[in-house]
Amino acid sequence: MNLHPAHILSILAKEYKNPVGFLNYRNSFELLISVILSAQTTDRQVNEISNKLFACYPDAGALAAARQSHVEEIIHSTGFYRQKAKNIIACAQRLVENFNSEVPATMEALVSLAGVGRKSASVVLGAVYGKPVIIVDTHFKRVCTRLGLTHSSNPEKIEIELKEIVPEEIQYDFSMLINRHGREYCKAKKPDCVHCPLRNICPQAEI
Ligand code: SF4
């Protein structure tokens with residue numbers, strides 16, 4: 001069995017022609033805010049409200065000056081809307097005050113923003129700045145565990161382990177495609193091993 005990440009990536013790249021993310025965005029600011037809003041909800045729900053949100057608040061300056069109750073009203077359907085509204089306004093204020101209204105390009109600076117953890121920061125660093133990142137979310141964790149690429153349950157440990165075995169130049173695409181694979185075939189409850197393109201190399205294939 002060939003479980004080298006590059007081999008896995010080549011199989012998944014054939015299956016999923018377009019490895020881009022699921023959130024709609026036009027610039028780094030929109031991606032950052034959308035990623036914060038996507039916590040505990042689906043990307044589809046964020047996409048449903050993001051047009052309206054960014055029509056009202058197109059940049060950090062506008063969002064930094066927003067009335068929280070108006071932001072809450074717009075993002076209500078994404079859940080945890082009070083905390084999220086508070087976070088994205090605080091995030092925008094920090095961008096204005098500390099980063100010249102730009103989205104910073106380092107992990108350290110990104111995780112200093114309200115509502116931004118390592119996973120969200122990695123999404124921004126990979127998608128916007130082309131940096132090598134391993135993005136550990138629930139799908140990534142599950143698929144990598146089933147493939148035997150990690151035995152850890154700690155997201156930070158998984159990130160470190162996968163960074164050691166996935167070449168830098170493919171880390172972002174690998175993260176995105178493994179994530180997609182977790183949504184399409186390798187689902188939590190019923191993995192579709194029979195049709196999975198990785199079935200011939202996966203140690204957990206239930207065939
Ligand atoms: S063969 Fe099954 S367990 Fe393995 S990656 Fe595919 S869906 Fe997941």
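Everything numeric in this text was worked out from a predicted model, so none of it was measured. Whatever order the structure lists them in is the order used to number ligands and atoms, beginning at 1.
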*Asks:* Looking only at side chains, do Tyr81 and Glu73 share a donor and an acceptor under 3.5 Å apart?
*Replies:*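 There is no such pair (donor and acceptor under 3.5 Å, judged by atom type) between the side chains of Tyr81 and Glu73.
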*Asks:* Could you list the atoms of ligand 1 found under 4.0 angstrom from a heavy atom of Pro191?
*Replies:*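 Under 4.0 Å from Pro191, ligand 1 has these atoms: 7 (S).
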*Asks:* Numbering the atoms of ligand 1 from 1, which are under 4.0 Å from a heavy atom of Arg146?
*Replies:* 3 (S)
*Asks:* Is the shortest side-chain N to carboxylate O distance from Arg199 to Asp192 below 4.0 Å?
*Replies:* no
*Asks:* So, Lys163 and Gln171: side-chain donor and acceptor under 3.5 Å apart, yes or no?
*Replies:* yes
*Asks:* Is a side-chain donor-acceptor pair under 3.5 Å present for Thr42 with Arg44?
*Replies:* no
*Asks:* Within a distance under 4.0 Å of any heavy atom of Cys186, pick out the atoms of ligand 1 and give their elements.
*Replies:* 3 (S), 5 (S), 7 (S), 8 (Fe)
*Asks:* May I ask you to list the atoms of ligand 1 that are less than 4.0 angstrom from any heavy atom of Cys202?
*Replies:*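 Under 4.0 Å from Cys202, ligand 1 has these atoms: 1 (S), 3 (S), 4 (Fe), 5 (S).
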*Asks:* Heavy-atom contacts with Cys193 under 4.0 Å: which atoms of ligand 1 show up? List them by number with element.
*Replies:* 1 (S), 2 (Fe), 3 (S), 7 (S)
*Asks:* At what distance, to the nearest 0.5 angstrom, does CD of Glu159 lie from CD of Glu164?
*Replies:*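 Atom-to-atom, Glu159:CD and Glu164:CD are 11.5 Å apart.
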*Asks:* Would you mind listing which atoms of ligand 1 come within a distance below 4.0 Å of any non-hydrogen atom of Ala205?
*Replies:*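 That gives atoms 1 (S) of ligand 1.
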*Asks:* Report yes or no: does Cys196 have an N/O/S atom closer than 2.8 Å to atom 6 (Fe) of ligand 1?
*Replies:* yes
*Asks:* Under a 3.5 Å cutoff, is there a donor and acceptor pairing between the side chains of Gln45 and Thr41?
*Replies:* yes
